[in-house]
Amino acid sequence: MAKITSEELGTLPISKLLIKQSIPASIGILVMSLNILVDSIFVGNWIGSIAIAAINVVLPVSFFIGALGMAIGIGGSSIISRALGANNKAKAVKTFGNQITLTLLVTITMVALGLYYVDSLIPAFGGKGAIFDPAKIYYTTILYGIPFLALCMMGNTVIRAEGKPKFAMIAMIIPSVGNLLMDYIFIYIFDWGMHGAAWATTIGYILCFSYVLYFFLSKNSELKLNPNCFALDFSIVKEISSLGFVTLSRQATTSIVYLLMNNILFSLGGEAMVAVYAIIGRMLMFALFPVFGVTQGFLPIAGYNYGAKKYQRVRESINTAIKYAAILATVVFIGLFIFPAEIASLFLSSKEGLSANELAINAFVLEHTPTAMRWVFAATPIIALQLIGAAYFQAVGKAIPALLLTLTRQGFFFIPLILILPNYFGELGVWSSFAIADVLATLVTGWYLNKEIKKDLRQ
């Protein structure tokens, strides 16, 4: 695949550029998602279905802290893309240095707080009953690797902002392959159980950080840091924070959703129902990888061309990204509707000697997951518009509409729905809330994006 320089973001044909940016992003997300998926299959088969539920409980906390790095990364990368488009490399370099400082300060503080409040956080996120002990083992180990994850997430967005999607892809592949290899060694061979699963993931984060560090120290990066870059600049920190707050709010909302879902589902069906959601959650991360890849590929293209005032190219990038993402989302939708039972069975252990409780949980999960999966992904063909629409405002530095549109689906629609519908429709009310929220959020985003294009991107 041909190397892309930052200048080519403003010159190559949009279709060709979006493909070159999106394919590496999609492959990276695919491998990362496969890692989460296969990791869950390994854990389910080698440790048990309760272990999958335990990891599902821990993920919102660890991912939220890691997402602080992603928030700082995406906020700063929007500035970097526009600065490179305006030929202001000094600002781009200064922004990157500030991103590193902010990521270290914030994540180390959050890890310390996360460890201090461990016994309160795990039950709050649904880690009750038999789930608590394995969740605590996984959580306390993995938290030490979260600063490395945050730096990886931050660095990955900057690599992509430089127009180097291939390197960003490799950065996502390395920890995934490392994690799966360590899973086999620590869980299957050494039989370390949850300790093994946690250490495998942590080592994957460290491997990723090592590669990202190599990229920025090598000649591949255009951003050559100097000691002055690390001193915080208020105006840059303010802009990073306002744009990064969009991503952070999305992840915070996701964590709240996990908290509510785990507790609501535990009350409806105990540990087995939480295990159903754990499988659904893995598929939400995995199945939509091509759509997320197009969204990631779209961000630097829109940001660079907006900074260069090439508004016709921005409009073209929006339309092309929505078209490609919608086609891919429809393919995913068809696959999930046809094979939900087969997918669910992958996560369940078939080894001999399972206890009666484990067999009962497996039977429950296999019975309930197909219907849940069909409802959760029912509106998948139309979500491309919502994702690209929200991403556009973040790419061009418009923090308030980006924040509002990002929160539309989960914050404004989904959370109220899951608090209301299960009271009347039980389990069906939980799963149908996903599809209803998707439809409502897409309608709102489509209307607002169309209005903004007519107003802001006229030649």
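Nothing here was measured: the structure is a model prediction, and the numbers come from that model.
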If only atom types and distance count, is the side chain of [X] paired as donor or acceptor with the main-chain N or O of [Y] below 3.5 Å?
X      : Y      : value
Asn262 : Tyr258 : yes
Ser78  : Gly75  : no
Thr445 : Gly389 : no
Arg409 : Ala437 : no
Ser345 : Glu342 : yes

Exercise. Take atom CD1 in Ile400; do more than 12 heavy atoms of anything else shown fall under 6.0 Å from it?
Worked result: no
Taking C-beta and beyond as the side chain, do [X] and [Y] meet within less than 4.5 Å on heavy atoms?
X      : Y      : answer
Leu265 : Val276 : no
Lys164 : Phe215 : yes
Phe298 : Ser22  : no

For this session: Applying side chain to side chain contact (heavy atoms under 4.5 Å, CB included) between Met194 and each of Ile50, Thr141, Ile55, Val58, report the one that passes.
Result: Ile55
Problem set entry | Reference residue Leu288; test side chain to side chain contact (heavy atoms under 4.5 Å, CB included); the match among Thr295, Leu328, Leu387, Val332 | Val332
For this session: Could you label the plane-to-plane angle of the Trp46 and Phe42 rings as parallel, tilted or perpendicular, counting under 30° as parallel and over 60° as perpendicular?
Result: parallel
For this session: Nearest 0.5 Å please: distance from the OH atom of Tyr214 over to the CD1 atom of Ile170.
Result: 9.0 Å
Seminar exercise, completed: Rounded to the nearest 0.5 angstrom, the CG-OG1 distance for Asn179 and Thr202 is 9.0 Å
For this session: Establish, from distance only, whether the side-chain atoms of Tyr392 and Ser317 form a donor-acceptor pair under 3.5 Å.
Result: no
